[in-house]
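Encoded as structure tokens, the structure appears first; notes follow it.
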There are 2 protein chains.
Amino acid sequence: MNASSPRQGSSAASKRKDARRNQQTLLDAAAAVFVTSGVDAPVREIASKAGVGLGTFYRHFPNRADLVIAVYRHQVDTCAEAGPTLLAESPTPFAALERWVDLFVDFLVTKHGLAAAMQADTTGFEALHTYFLDRLVPVCTQLLDAAAAADEIRTDLDAYHLMRGIGNLCIGTDGDPRYDARRLIALLLEGLRRPHRP
Amino acid sequence: MNASSPRQGSSAASKRKDARRNQQTLLDAAAAVFVTSGVDAPVREIASKAGVGLGTFYRHFPNRADLVIAVYRHQVDTCAEAGPTLLAESPTPFAALERWVDLFVDFLVTKHGLAAAMQADTTGFEALHTYFLDRLVPVCTQLLDAAAAADEIRTDLDAYHLMRGIGNLCIGTDGDPRYDARRLIALLLEGLRRPHRP
DNA sequence: TTACAATACGGAACATCGTTCCGTATTGTA
DNA sequence: TACAATACGGAACGATGTTCCGTATTGTAA
């Protein structure tokens, strides 16, 4: 790896301005399309909306998952940064955890199909899965540790499991108005509460 | 609909014996392939394993989802029938519910990708989703009602939500040995317990 | 300003899906 | 044994993610 080699990839600023412009156009188009058609929208639709060819798309984003990450990176970071803030501002660590989970659920639920996409099962979205976890698990851990230290919750569930559980419960919130993921997540948190011991 | 029209579909016995034989061969091949490659295995792979053409496949099963239903129908029915039995044999309704959930989770977890497939989001598996729910929600309702009548659980969660929650939590149990869906499901049931009120 | 090399672009083409279609083969029966 | 109903096989279609490569654009050095 040569240190002088030009940077490349979805988040790097390219030298040529048409490239920079196209990258931003693609991100904007993707964000718009994701809102209406969900994160599973075809690459062609996004490229078309951006007025750009497929080659250009793949030049900027090696694959679909990288585009999704790029589109939501900022929001994920915001969610991550909210953790310490909530911990400082909330009456108890558990309350902070509840609020943070609410934030995370808000984020997932408003992105059609995002939660499902993160289950790397079918598609090649494992990068997405990994990014979310890398970024958010430490924050969640901090919240859980604080709540555990305050003796508010059990200690036998780690942040990874909690995050996965929440993510999974958010799957399929579109297409079924009956389904209320929040209620189940609230129940999960309820189950996490330490039963007042003798 | 003419009453004398010959029955057709995945569960009907055809008149010609080659048809009957091929249907069974397809079911066997599918069951075998599902074990190794998961329920998302390509139709071509199943047809090939059965030594049969694609046309034959689609003659017997209008689409992939119908095949999956056919393969697992018996096991789903078994699970449904276990509900009343457990209710009669268990010390308390809640214990019966726990055992039944365990049965259901066993079923889902051993079928790679089944839980994910039931989220009709991407693929055309809504028939699968519907079948599972139609068959199991009534059973689950019975268990919940019994537990509620015994004042063991809260009454603000219906069977549909519980089933969906459990199904969702089972998603992605393969491909990640760290993830333990059962623990989260146990926590969910814990949260469902009625907090001993004054 | 102008040539030109580096860079980026566009979209045809490929592989993999589920699914449909239709000419051919098999089967049950008169 | 002929023949009509039925079933079979697999080519072909449409959708998708991704790769490839000839062409166009851009920044820069002469």
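What you see is a predicted model; the values in this text were computed from it and never measured. Residue numbers begin at 1 in each chain, while the letters A, B, ... track the order of the sequences.
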Query - Partner residues of B/F107 under the ring pair (Phe, Tyr, Trp, His ring centres under 6.0 Å) criterion, sequence neighbours left out - result: B/Y72, B/F132
Query raised in the report: For the helix from C/dT1-D/dA30 to C/dA30-D/dT1, what is the angle between the axes at its two ends, each from 5 pairs, rounded to 10°?
Result: 20°
**Report entry** Euclidean distance, atom CZ of residue A/R64 to atom C1' of D/dT16 [Å, nearest integer]
**Finding:** 10 Å
Which pairs of donor and acceptor atoms, one on a side chain in residues 96-105 of chain A, lie under 3.5 Å apart (sequence neighbours left out)?
from   : atom 1 : to     : atom 2 : distance (Å)
A/W100 : NE1    : A/C79  : O      : 3.0
A/D102 : OD1    : A/R182 : NH1    : 3.3

Requested in this report: Report yes if some heavy atom in the side chain of A/D40 is under 4.5 Å from a heavy atom in the side chain of A/F34; otherwise report no.
Outcome: no
Requested in this report: Send over the distance from B/D66 CG to C/dT20 P, rounded to a whole Å.
Outcome: 11 Å
Query - Partners meeting side-chain hydrogen bond (donor to acceptor under 3.5 Å, both in side chains) with B/R16 (sequence neighbours left out) - result: B/D18
Query raised in the report: What integer distance in Å separates B/L26:CG from D/dA7:P?
Result: 14 Å
Report task. With sequence neighbours excluded, tell me which residues meet salt bridge (charged side-chain N to carboxylate O under 4.0 Å, His left out) with B/R21. Result -> none
**Report entry** Contacts of type side-chain hydrogen bond (donor to acceptor under 3.5 Å, both in side chains), residue A/E89, not counting sequence neighbours
**Finding:** none
Query - Passing candidate, side-chain contact (heavy atoms from CB on, under 4.5 Å) with A/I153, options A/L143, A/L189, A/L144 - result: A/L144
Report task. Specify the separation, in whole Å, of atom CD1 of A/I46 and atom P of D/dT18. Result -> 11 Å
Query raised in the report: Distance check: side-chain N/O of B/H60 vs OP1/OP2 of D/dA7, anything under 4.0 Å?
Result: no
Report task. Just jot down the salt bridge (charged side-chain N to carboxylate O under 4.0 Å, His left out) partners of B/R164, sequence neighbours excluded, or say none. Result -> A/D176
Query raised in the report: Could you give the OH-to-C1' distance, from A/Y58 to D/dC21, as a whole number of Å?
Result: 17 Å
Report summary line: A/D28 meets the side-chain hydrogen bond (donor to acceptor under 3.5 Å, both in side chains) criterion, sequence neighbours left out, with A/Q24
Query raised in the report: For nucleotides 24-30 of chain D, read 5' to 3', which letter fits each nucleotide if B means a protein heavy atom sits under 4.0 Å from the base, S means only the sugar-phosphate is that close, and - means neither?
Result: -BSSS--
Query raised in the report: Taking CG from B/D40 and P from D/dT16, how many angstroms apart are they, rounded to a whole number?
Result: 18 Å
Query raised in the report: Rounding to a whole Å, what distance do you find between A/F61:CZ and C/dC9:C1'?
Result: 15 Å
Report task. Only counting residues at least two apart or in another chain, list the ones meeting side-chain hydrogen bond (donor to acceptor under 3.5 Å, both in side chains) with A/E152. Result -> A/T92
Query raised in the report: Partners of A/E81 by salt bridge (charged side-chain N to carboxylate O under 4.0 Å, His left out), sequence neighbours excluded?
Result: none
Report summary line: With B for base contact, S for sugar-phosphate-only contact and - for none (protein heavy atoms under 4.0 Å), nucleotides 9-15 of chain D reads BBBB---
